[in-house]
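Structure, as C-alpha cells:
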Amino acid sequence: MPLVSMKEMLEKGKENGYAVGQFNINNLEYIQGILQAAQEEKSPVILGVSEGAGKYMGGYNVVVAMVKSLMDSYGTTVPVAIHLDHGSSFKSCAEAIHAGFTSVMIDGSHSPIEENIEVTKKVVELAHIHGVSVEAEVGTVGGEEDGVIGGISYADKEECLRLVTEAGVDCLAPALGSVHGPYQGEPNLGFTEMKEILELVNVPLVLHGGTGIPTKDIQKAISLGTAKINVNTENQISQTKAIRETLAQKPDLYDPRKYLGPGTAAIKETVIGKMREFGSSNNA
C-alpha cells in the first residue's frame, strides 16, 4: 500500500472515537517494530520524524527509502503516513515534502500568532498541492525534545481559531499541559480548554507527549476530539531496557543483531499496547 497523508485517518478517528498513534522513528529498528505492530493490529499508523532524527538517519530521502522498502518487504497493507514532527521552518517542511513525506508539522508556536499564521499558510499552500497534510501548534508543550527545552504555555482558544481558519491546517496541536519526555508527577491536562477549542475549530486535535498519561485521561482526550497521540519516550525506554537486560545476561555479546533484536521486539509490544489503548486496532 502506498504512503498516505494523515488527513483521512485522523478524520475517521475523530468521527469514530479513537486516536491514531504517531510513533517516532529513530533508526531502522523503530521502523521495523512499529510497522510490524501496525500490520498485526490492523491499525493505521503515523511514523513521526523529528529534524534531529532525520539528520541522524542520513536525511529525509533516506528515511522515506527505508520506510518504503520495509513496507514492500513486509507486504504492509495498513495506512502509513510519514510525518515531519515539529518542523522548525518552511524550508525544513518543504525538504520533507519533496523527499516524499506525506504529512508535516510546522511549529510556529514560539512566535507571535501573526508570524505563526504566516509561516503555516505558506506550508499549507505547498503541502496541499502535493496532497500532504499539515499540523500546526498553538501554545508550548513542556519538557525536552531533540535538545530543545520548553516550559508549558497553554494554547489561547482564539489564536487556535485564527490559525485553523486563516491557515487551513488539517489538524491542530493545542498545548494544554502535556510534556515531552517523562512526567514529574501526575499529568494535568486542560480538558475544559480542549472541549472549548474543539467546538471552535472542529478539526482533529493532537496530543503531544503521550508517554505516561493515564488511560482515563487518554480516553477523555479522545472523547474531546483528540485523534492523534504522539509517543516516543515510552518506546525509547522499553527498547533501552530490553537491550540493557540482554547485555547484562550475556555480557560477551557483540553482534548487534543479538542485542538490538530484543529491543525491536520491545518497541513492537509497546506500540501494540498503545494502539489498543488508543482504540485504533482493527480500524485500518
Side-chain angles (χ1 to χ4, degrees), residues 5-24 38 41 43-48 79 81 83 85-86 103-107 109 133-143 145 152-157 159-161 163-164 169-181 183 186-235 270-271 273-284:
S5 84
M6 298 192 309
K7 184 175 174 62
E8 186 177 334
M9 62 173 79
L10 297 190
E11 289 176 349
K12 186 180 172 188
K14 178 174 173 286
E15 289 167 12
N16 293 282
Y18 64 87
V20 180
Q22 174 194 296
F23 303 99
N24 282 54
E41 287 299 296
S43 169
V45 70
I46 300 156
L47 305 179
H83 176 73
D85 193 23
H86 290 281
S103 185
V104 294
M105 176 190 185
I106 175 63
D107 186 358
S109 62
S133 52
V134 180
E135 172 187 341
E137 183 172 317
V138 175
T140 307
V141 176
E145 181 165 69
I152 296 171
S153 174
Y154 266 44
D156 178 273
K157 60 184 180 181
E159 290 186 356
C160 289
L161 178 60
L163 186 62
V164 171
V169 295
D170 300 293
C171 59
L172 177 71
L176 295 172
S178 60
V179 303
H180 295 125
Y183 284 86
E186 188 83 2
N188 185 22
L189 302 181
F191 293 118
T192 301
E193 294 86 350
M194 195 179 293
K195 183 175 186 292
E196 291 172 348
I197 290 168
L198 174 68
E199 289 171 353
L200 275 177
V201 303
N202 200 31
V203 296
L205 302 183
V206 179
L207 179 61
H208 285 246
T211 294
I213 297 177
T215 299
K216 63 179 177 60
D217 288 351
I218 291 288
Q219 291 171 343
K220 187 164 186 179
I222 292 170
S223 75
L224 296 173
T226 296
K228 174 176 178 275
I229 301 175
N230 294 7
V231 176
N232 185 28
T233 303
E234 197 158 342
N235 280 333
T270 302
V271 171
K274 287 296 175 185
M275 287 173 167
R276 293 175 182 177
E277 182 183 11
F278 299 165
S280 67
S281 296
N282 298 310
N283 277 296

Inset, instruction - Carefully, step by step, assess Met9 and Ile46 under the rule side-chain contact (heavy atoms from CB on, under 4.5 Å). - result: CA-CA 9 Å; Met9 62 173 79; Ile46 300 156; 3.7 Å; yes
[X] side chain near [Y] side chain, heavy-atom distance below 4.5 Å:
{"X": "Met105", "Y": "Val134", "result": "no"}
{"X": "Ile213", "Y": "Ile229", "result": "no"}
{"X": "Pro174", "Y": "Glu193", "result": "no"}
{"X": "His83", "Y": "Gln22", "result": "yes"}
{"X": "Asn232", "Y": "Thr211", "result": "no"}
{"X": "Lys220", "Y": "Leu224", "result": "yes"}

Inset, instruction - Indicate the atoms forming the closest heavy-atom contact of Ser280 with Ser43, along with that distance. - result: OG-OG, 2.7 Å
Inset, instruction - Work out which heavy atom in Ala284 is nearest to a heavy atom in Pro79; give both atom names and the distance. - result: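 Closest pair (atom of Ala284, atom of Pro79, distance): CB-CD, 3.8 Å.
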Find the distance between [atom1] ([X]) and [atom2] ([Y]) and round it off to the nearest 0.5 Å.
{"X": "Asp217", "Y": "Thr226", "atom1": "CG", "atom2": "OG1", "answer": "11.0 Å"}
{"X": "Phe191", "Y": "Ser223", "atom1": "CZ", "atom2": "OG", "answer": "8.0 Å"}
{"X": "Lys157", "Y": "Met194", "atom1": "NZ", "atom2": "CE", "answer": "14.5 Å"}
{"X": "Asp107", "Y": "Glu137", "atom1": "CG", "atom2": "CD", "answer": "4.5 Å"}
{"X": "Glu135", "Y": "Cys171", "atom1": "CD", "atom2": "SG", "answer": "4.5 Å"}

Inset, instruction - Let me see the working for Ser103 and Ser133 under side chain to side chain donor-acceptor pair (under 3.5 Å), right down to the final yes or no. - result: CA-CA 5 Å; Ser103 185; Ser133 52; 2.8 Å; yes
Inset, instruction - Using side chain to side chain contact (heavy atoms under 4.5 Å, CB included) as the criterion, point out the one residue from Ile197, Asp170, Leu172 that pairs with Val203. - result: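 Between Val203 and the candidates, side chain to side chain contact (heavy atoms under 4.5 Å, CB included) is satisfied uniquely by Leu172.
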Legend entry - Of Val20, Leu205, Leu198, the residue whose pairing with Lys14 passes side chain to side chain contact (heavy atoms under 4.5 Å, CB included): Leu198
Inset, instruction - Give the intermediate values and the outcome of side chain to side chain donor-acceptor pair (under 3.5 Å) for residues Thr215 and Glu277. - result: CA-CA 7 Å; Thr215 299; Glu277 182 183 11; 2.9 Å; yes
Legend entry - Asn16 side chain vs Lys12 backbone, donor-acceptor pair below 3.5 Å: yes
Inset, instruction - Could you check whether the rings of Phe278 and Phe23 sit parallel, tilted or perpendicular, using 30° and 60° as the cut-offs? - result: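 Geometry flag for Phe23 against Phe278: parallel rings.
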Inset, instruction - Would you please test Asn230 and Asn24 for side chain to side chain donor-acceptor pair (under 3.5 Å) and show each step? - result: CA-CA 8 Å; Asn230 294 7; Asn24 282 54; 5.4 Å; no
